[in-house]
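Here is the naming used below: chain letters follow the sequence lines, and residue numbers restart at 1 for every chain.
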There are 2 protein chains.
Amino acid sequence: MATIYQVSELAGVSLATVSRVMNNNVRVSEATRNKVLQAMEQLGYRPNSIAQSLASSRSNSIGILVSELHGPFYGEMLTGIEAEFRAAGKHVIIAAGHSERATEEDGIEFLLSRNCDALILHVEAVSDQYLIDLSKKQTPFVLLNRQITALADRCISLDNELGGYLATRYLLEQGHRHIAYIAGPMWKTDARDRFHGHQRALAGYQLTAEEALFFEGDFRETGGSKGLQALLASGRPFSAVVCANDEMASGALTAARELGYEVPADFSVMGFDNVNFAYYTYPKLSTIDYPVSAMGQMAARWVLQQVYQQSSIEVQQIFDPHLIPRDSVAEAAVT
Amino acid sequence: MATIYQVSELAGVSLATVSRVMNNNVRVSEATRNKVLQAMEQLGYRPNSIAQSLASSRSNSIGILVSELHGPFYGEMLTGIEAEFRAAGKHVIIAAGHSERATEEDGIEFLLSRNCDALILHVEAVSDQYLIDLSKKQTPFVLLNRQITALADRCISLDNELGGYLATRYLLEQGHRHIAYIAGPMWKTDARDRFHGHQRALAGYQLTAEEALFFEGDFRETGGSKGLQALLASGRPFSAVVCANDEMASGALTAARELGYEVPADFSVMGFDNVNFAYYTYPKLSTIDYPVSAMGQMAARWVLQQVYQQSSIEVQQIFDPHLIPRDSVAEAAVT
DNA sequence: TAGTATTATGTAAGCGCTTTCATTTATAGC
DNA sequence: GCTATAAATGAAAGCGCTTACATAATACTA
């Protein structure tokens with residue numbers, strides 16, 4: 001591989017000049033620039049990004065930590081991130097945290113050791129304090145899908161409360177008055193926020209959430225099926241159930257079918273997230289869209305703006321979810 | 001950040017010695033090693049991987065090019081790859097090729113410019129010749145899910161023909177004799193191979209594929225629904241349809257329902273790939289499992305073995321698919 | 001115990017760039 | 001035409017490591 005030195009020789013200029021041409025430094029005359037460009041072409045020169053990084057103390061790499069690389073969610077996020085950085089000539093190093101504290105901390109440590117210029121973190125298990133401490137170190141980072149007051153300016157998240165509100169309001173508008181709720185693990189902020197939105201929507205109709213119609217699930221399919229069974233077993237009538245995510249909604253759908261109920265004829269089901277398979281369930285799941293790709297892209301922009309000084313870029317920190325009506329919700333029968 | 005120099009000062013040894021303890025070079029006495037380790041600890045020293053790379057001309061990074069980062073397929077693959085490399089202290093740089101020639105070549109160029117030690121490529125649009133040319137350059141690479149004779153030793157792929165065979169044989173075993181086929185784009189090798197497997201299975205029962213019961217789809221949902229409509233319109237009776245992938249199978253399922261047919265009562269449907277949502281369709285899709293995560297892992301091992309000389313590692317190049325029976329296939333009614 | 005083979009450590013030359021500072025060359029002002 | 005100023009280029013010092021090669025310390029042999 002040709003080096004900058006060979007280019008400089010062939011072009012008959014100094015190293016420094018070649019470097020200037022590469023970095024589009026203004027201080028090069030047209031004539032020289034052309035000579036250099038031609039020499040590069042001729043040698044098939046490609047800069048050594050490692051050497052560039054060492055000399056400039058910038059790796060042009062951004063570390064991404066997500067919980068999983070598979071699954072319907074993170075792929076979308078990565079897509080948004082990668083596209084944005086690729087266009088900017090930066091590259092992305094990925095690591096998986098598997099929602100476990102030790103693995104997440106490990107992953108961050110790993111990315112840091114890779115000299116990333118910045119980090120985009122989607123972490124669940126690590127403590128707020130850990131992140132606050134991390135923020136005092138060198139490497140800047142953004143947090144996706146997490147709100148920490150002390151770090152508010154580096155958080156990009158969804159208005160989960162609004163999403164919860166929209167889901168339940170939709171059901172109310174369809175005439176439902178007895179609405180069951182299958183929540184996520186309530187120690188997770190987003191699970192709590194979604195439920196609060198649910199409560200607010202009910203309050204708008206002078207209703208409150210009934211204790212007997214609440215089930216705390218685990219954001220997985222089994223949580224949804226267990227939840228539906230528990231709800232049914234409670235004996236309290238309901239005409240709709242909102243699930244705090246699509247996995248649980250899918251579980252509820254399956255359980256309903258197995259128990260001989262028909263959705264949405266017997267009761268309606270709402271999901272949350274609009275993951276890819278929500279479209280493949282039967283009936284197709286009505287849900288709340290989580291604009292995860294856009295949020296990933298925005299995280300990338302935050303980095304571009306804060307770390308690489310691309311100041312023209314606008315950053316939006318809070319995203320709004322919106323309703324995706326499909327087939328799993330119907331109007332309530334008039335009682 | 002502390003440098004190796006500061007460590008060496010604190011420990012009272014030379015640069016070289018510190019470097020040796022880092023690289024676990026044997027030629028260091030216990031006493032010195034401990035002194036150095038302690039100094040590192042004390043300074044919170046972390047080696048600068050960029051400088052290491054420049055000096056050793058090894059970046060410890062592996063470039064991954066996949067078609068998409070989202071979707072049910074590539075995430076699994078990346079999971080397998082990342083886990084393997086992470087454990088080996090290597091890192092992964094990802095880029096998306098979007099199944100377009102220019103973007104794929106671009107992506108490869110990009111990864112190359114990042115000084116990757118090796119590449120793992122899942123490319124569809126780039127020509128065989130391009131890859132053969134690439135193989136003559138410095139950077140080694142493995143090909144996932146692609147067979148090129150001239151590059152056989154760096155191909156890791158699924159036995160698609162076998163998969164196609166298994167799918168159809170299963171249907172035959174269930175008593176089906178009139179089996180329709182919705183293929184992928186026949187210019188793609190895997191689509192062709194799967195179809196050949198189908199033919200071989202039929203031949204085993206002294207049957208041949210009927211022209212009228214063949215439809216060339218596009219591996220997408222719409223291809224499946226259009227395909228089913230065309231098949232139905234042909235007027236030829238069939239009791240089962242095998243789709244060359246799960247997306248098309250899902251499309252067929254939806255179309256069947258919309259046209260008033262019931263699966264598997266009216267006819268059975270087979271998919272291929274076993275992507276995550278295959279479990280969420282109704283009825284749950286019987287399909288052929290594509291061990292994509294294992295294959296990703298194997299690609300990573302190939303790299304570890306070939307590029308980083310971890311010779312103890314075994315590499316398997318051809319993977320076998322296997323049958324996943326679920327609910328979309330039933331026994332054929334006796335005629 | 002001298003002489004040799006080993007083993008442990010140090011010295012210093014890069015790796016391929018960026019960037020500061022100094023120098024040369026062109027442009028302008030009078 | 002000569003100085004003052006700006007623009008273009010060059011020289012060279014790193015960036016933080018690895019790795020020959022040289023040297024010093026220790027162990028082994030006869």
Using a 6.0 Å distance limit plus a 45 degree cone around the ring axis, check whether A/Lys90 lies over the aromatic ring of A/Tyr308. yes
With the side chain of A/Ser19 defined as its heavy atoms from C-beta on, choose the nearest nucleotide among C/dA8, C/dT18, D/dG10. C/dT18
Is B/Thr17 close enough to C/dT9 that one of its side-chain N or O atoms is under 4.0 Å from OP1 or OP2 there? no
Selection from C/dG16, D/dT18, D/dG10 that lies nearest to any side-chain heavy atom of B/Met22: D/dT18
Which of C/dG16, C/dC17, D/dT9 is nearest the side chain of A/Val28? It is D/dT9
If I take atom CZ in residue B/Arg33 and atom C1' in nucleotide C/dT7, what distance separates them, rounded to the nearest angstrom? 14 Å
Rounded distance (Å) that lies between atom C1' of C/dT18 and atom OH of A/Tyr5: 17 Å
note: B/Gln52, atom CD; D/dC17, atom C1'; distance rounded to Å ~ 7 Å
Remember a base hit wins even if backbone is also touched, and classify A/Val18 as base, sugar-phosphate or nothing at under 4.0 Å, heavy atoms. nothing
Toward the 5' end of DNA chain C, by each residue's nearest nucleotide, B/Gly12 or A/Ala2: B/Gly12
Angle between terminal axes - the helix from C/dT1-D/dA30 to C/dC30-D/dG1, 5 pairs each end, rounded to 10°: 30°
Reference residue A/Cys116; test side chain to side chain contact (heavy atoms under 4.5 Å, CB included); the match among A/Val92, A/Ile93, A/Ile62, A/Asn60: A/Ile93
Identify which one of B/Asp273, B/Asn160, B/Asn145 satisfies the side-chain hydrogen bond (donor to acceptor under 3.5 Å, both in side chains) criterion when paired with B/Tyr290. B/Asn145
Given atom CZ of B/Arg20 and atom P of C/dA12, what is their separation to the nearest angstrom? 14 Å
Separation of D/dT9 C1' from A/Asn23 CG (nearest whole Å): 16 Å
Let me spell it out: for each of B/Ser56 and B/Thr32, pick the nucleotide of DNA chain C with the closest heavy atom. Which residue's pick is nearer the 5' end? B/Thr32
Can you check the B/Gln6 CD to D/dC15 P distance for me, whole Å? 11 Å
Verify the neighbour count for atom CD of B/Gln129: are there more than 12 heavy atoms of other residues, nucleotides or ligands below 6.0 Å? yes
When rounded to the nearest 0.5 angstrom, what is the spacing between CD in A/Glu124 and CH2 in A/Trp187? 6.5 Å
What's the closest nucleotide to the side chain of B/Asn48 if the choices are D/dG16, C/dT18, D/dA8? D/dG16
Using a heavy-atom cut-off of under 4.0 Å over every strand shown, decide if B/Ser57 touches base, sugar-phosphate, or nothing. nothing
In whole angstroms, the gap separating P of C/dA22 from CG of A/Leu15 amounts to 19 Å
Have A/Thr79 and B/His70 got a donor and an acceptor in their side chains that come within less than 3.5 Å? yes
For the CE atom of A/Met22 and the OG1 atom of A/Thr17, what is their distance to the nearest 0.5 Å? 11.0 Å
Heavy-atom count check: over 12 atoms from other residues, nucleotides or ligands less than 6.0 Å from B/Gln38 CD? no
Among C/dC15, C/dC17, C/dG10, the nucleotide that comes nearest once only the side chain of B/Ala55 is considered: C/dC15
Side chain of B/Thr3 only, please: which of C/dT11, D/dT9, D/dG16 is the nearest? D/dG16
Could you tell me how far apart A/Ile50 (CD1) and C/dC17 (C1') are, to the nearest whole angstrom? 12 Å
